[in-house]
Amino acid sequence: MACETENADSVTFPVVDISLLSSEDELQKLKSVISSCGCFQAVGHGISIDYLDKVREVAQQFFALPVEEKQKYSRALNEAEGYGDDLVVNENQVKDCCYRLFLKVLPEDQRRMNLWPENPADLSETLHEYTLKIRSVMNDLSKAMARSLKLEENSFLDQFGDRPVLEVRFNFYPPCSRAGVFGAKPHLDRSAITVLLQDKEVEGLQVLKDGMWHTVPIIPHALVINLGGLMQVMTNGMFKSPLHRVLTNANKLRMSIAVFDESEAEKEIGPVDHLVSHTRPRLYRSVRNFAAFNYECFQKGKDSLEELRI
């Protein structure tokens with residue numbers, strides 16, 4: 001199943017029922033989608049709409065706090081972790097219209113608890129529980145993706161090491177009508193798999209496909225799955241990591257919650273051996289700490305995957 005949107009205003013977008021991935025038909029549908037789009041809406045993930053609404057509510061409660069309360073968890077000047085607005089990387093930068101709370105959740109011993117809000121009182125517990133549920137979804141998807149390519153199902157997970165990283169970013173996009181300003185500029189994700197819980201009412205996420213921007217519509221009970229650069233590298237380019245962006249809304253605020261997986265920082269990631277052959281030569285160099293590499297390329301206006309291309 002290919003991406004079905006034809007323009008940025010279309011409302012049709014790939015939907016995959018991940019509870020059916022044991023069937024060959026749904027597995028091949030998944031393979032087709034991520035070979036062309038790299039992004040789809042996942043249903044059948046086993047997380048109830050009531051629970052997803054609880055996660056949204058906790059995030060909304062945090063962002064509704066007074067500024068001075070949120071600033072207790074402010075990130076350091078040149079760090080991503082913590083609360084704050086767009087990082088300034090050069091003097092000519094047009095800042096995104098967005099406030100973020102970015103936290104490392106796993107491994108647990110790497111949590112910086114001084115940056116975890118104490119208000120609302122159940123944020124920490126909810127975040128911990130939610131990310132464990134999402135990690136299970138990610139692992140199931142990673143195994144299914146491997147099976148779709150006739151690989152051993154842990155082929156991608158094994159590259160991440162014994163202590164893979166899971167991070168969450170709460171995004172809060174206030175109303176903004178300034179011309180040329182994004183909620184998030186076009187970028188590639190640093191992950192293998194990103195799982196996004198969208199706002200229930202306000203659209204904004206767009207994915208680039210065939211030179212056109214396609215709006216990801218709202219399905220309140222769905223999770224948006226977006227492949228990051230690591231997956232494109234590990235699959236030797238067979239699965240795509242799409243460029244995506246977030247538009248602002250002049251009248252309405254928008255919120256989303258993204259969970260990212262990453263390998264251990266010093267673990268070398270490269271194409272799976274079985275996906276390299278004389279008919280499909282190796283496309284990418286191996287890389288350590290892709291997150292930092294991807295961000296460095298983004299600062300310089302470069303495409304990290306093109307920089308890794310052999």
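Fair warning: this is a prediction, and the values are worked out from it, not measured in the lab.
- In terms of heavy atoms, I218 sits closest to E201 at CD1-C, 3.2 Å.
- The main-chain N or O of P217 is found under 3.5 Å from a side-chain atom of Q198 such that the two form a donor-acceptor pair.
- Here K185 pairs with D96 in a salt bridge; the nearest charged N to carboxylate O distance falls below 4.0 Å.
- Y99 OH: 12 or fewer foreign heavy atoms inside a 6.0 Å radius.
- Cluster membership check: I34 does not share its hydrophobic cluster with L157, using side-chain heavy-atom separations under 4.5 Å among Ile, Leu, Val, Met, Phe, Trp and Tyr.
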#### Entry: Trace of the side chain to side chain contact (heavy atoms under 4.5 Å, CB included) decision for L127 with F170
CA-CA 10 Å; L127 176 55; F170 296 88; 4.1 Å; yes
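- Judged by distance alone, with hydrogens and angles left aside, the side-chain atoms of H187 form no donor-acceptor pair with the main-chain N or O of R245 at under 3.5 Å.
- Residues F62 and L123 form a side-chain contact, since some pair of their non-hydrogen atoms from C-beta on lies under 4.5 Å apart.
- Listed for the H244 side chain is a donor-acceptor partner under 3.5 Å among the backbone atoms of P242.
- With rounding to the nearest 0.5 Å, the separation of CD1 in I18 from CD1 in I225 is 6.0 Å.
- For the pair E268 and R288, the salt-bridge criterion is met [side-chain N within less than 4.0 Å of a carboxylate O].
- Side-chain contact between L27 and R147 is present, with at least one heavy-atom pair separated by less than 4.5 Å.
- At least one donor-acceptor pair closer than 3.5 Å links the side chain of R75 to the backbone N or O of D85.
- Of all the heavy atoms in K70 and L65, the pair that sits closest is CE-O, 3.2 Å.
- A side-chain donor-acceptor contact under 3.5 Å links D261 to the backbone of I193.
- Minimum heavy-atom separation, K240 to S35: CG-O, 3.2 Å.
- A side-chain donor-acceptor contact under 3.5 Å links Q206 and T215.
- Using modelled atom types, one side-chain atom of S241 and one backbone atom of G229 make a donor-acceptor pair closer than 3.5 Å.
- Counting heavy atoms from C-beta outward, Q232 and Y284 have side chains that approach closer than 4.5 Å.
- The hydrophobic cluster containing F290 does not contain V165, counting ILVMFWY residues as joined when their side-chain heavy atoms lie under 4.5 angstrom apart, directly or transitively.
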### Task
Could you walk me through whether E167 and L103 pass side chain to side chain contact (heavy atoms under 4.5 Å, CB included), step by step?
CA-CA 6 Å; E167 297 163 323; L103 300 170; over 6 Å; no
### Query
V224 and C39: side chain to side chain contact (heavy atoms under 4.5 Å, CB included), yes or no, with the steps?
CA-CA 7 Å; V224 178; C39 184; 3.8 Å; yes
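- To the nearest 0.5 Å, atom CD of residue E296 and atom NZ of residue K302 are 8.5 Å apart.
- Ion pair R56/D53 flagged as a salt bridge, since at least one NZ, NE, NH1 or NH2 atom sits closer than 4.0 Å to an Asp/Glu carboxylate oxygen.
- Atom CG of L188 and atom CG of L227 lie 11.0 Å apart (nearest 0.5 Å).
- No salt bridge links E57 with K54; every basic N to acidic carboxylate O contact stays at or beyond 4.0 Å.
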### Message
Run S23 and D25 through side-chain hydrogen bond (donor to acceptor under 3.5 Å, both in side chains) and show every step you take.
### Response
CA-CA 6 Å; S23 77; D25 285 349; 5.9 Å; no
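- The same ILVMFWY cluster, assembled from side-chain heavy atoms under 4.5 Å apart, contains both L283 and L305.
- Separation of the Y73 and Y83 ring centroids does not fall under the 6.0 Å cut-off.
- When all heavy atoms of P186 and F298 are compared, the closest pair comes out as O-CE1, 3.6 Å.
- In this structure, the side chains of M234 and L275 stay at 4.5 Å or more apart for every pair of heavy atoms.
- The distance from the CE atom of M231 to the CD atom of Q159 is 9.5 Å, given to the nearest 0.5 Å.
- Using a 4.0 Å cut-off between a side-chain N of Lys or Arg and a carboxylate O of Asp or Glu, D303 and R309 do not qualify as a salt bridge.
- One side chain, D189 or T194, offers a donor N or O that lies under 3.5 Å from an acceptor on the other.
- The cluster map of Ile, Leu, Val, Met, Phe, Trp and Tyr, joined by side-chain heavy atoms under 4.5 Å apart, puts L132 and Y51 in the same cluster.
- The main-chain N or O of G44 is never found under 3.5 Å from a side-chain atom of H221 such that the two would form a donor-acceptor pair.
- Side-chain atoms of F156 and V272, non-hydrogen and from C-beta on, do get closer than 4.5 Å to each other.
- The minimum heavy-atom distance between T248 and G183, with the atom names listed, is CG2-N, 3.4 Å.
- Linking ILVMFWY side-chain heavy atoms closer than 4.5 Å, directly or via other members, places V105 and F102 in two distinct hydrophobic clusters.
- Using modelled atom types, one side-chain atom of E264 and one backbone atom of D162 make a donor-acceptor pair closer than 3.5 Å.
- Looking only at distances, a side-chain donor or acceptor of R280 sits under 3.5 Å from a matching main-chain atom of N236.
- A donor-acceptor pair under 3.5 Å is formed between the side chain of T131 and the backbone N or O of H128.
- Side-chain atoms of E26 and D17, non-hydrogen and from C-beta on, do get closer than 4.5 Å to each other.
- Side-chain contact between S263 and P164 is absent, with no heavy atoms from C-beta onward closer than 4.5 Å.
- Within 6.0 Å of CD on E125 lie no more than 12 heavy atoms contributed by other residues, nucleotides or ligands.
- Ion pairing of R112 with E81 is present here, as a side-chain N (NZ or NE/NH1/NH2) and a carboxylate O approach within less than 4.0 Å.
- For the pair L30 and A144, the tightest heavy-atom approach, listed with the atom from each and the gap, is CD2-CB, 4.1 Å.
- One finds no salt bridge joining K72 and E118 here, because no Lys/Arg side-chain nitrogen approaches an Asp/Glu carboxylate oxygen to under 4.0 Å.
- Taken to the nearest 0.5 Å, the NZ atom of K267 stands 14.0 Å off from the CZ atom of R163.
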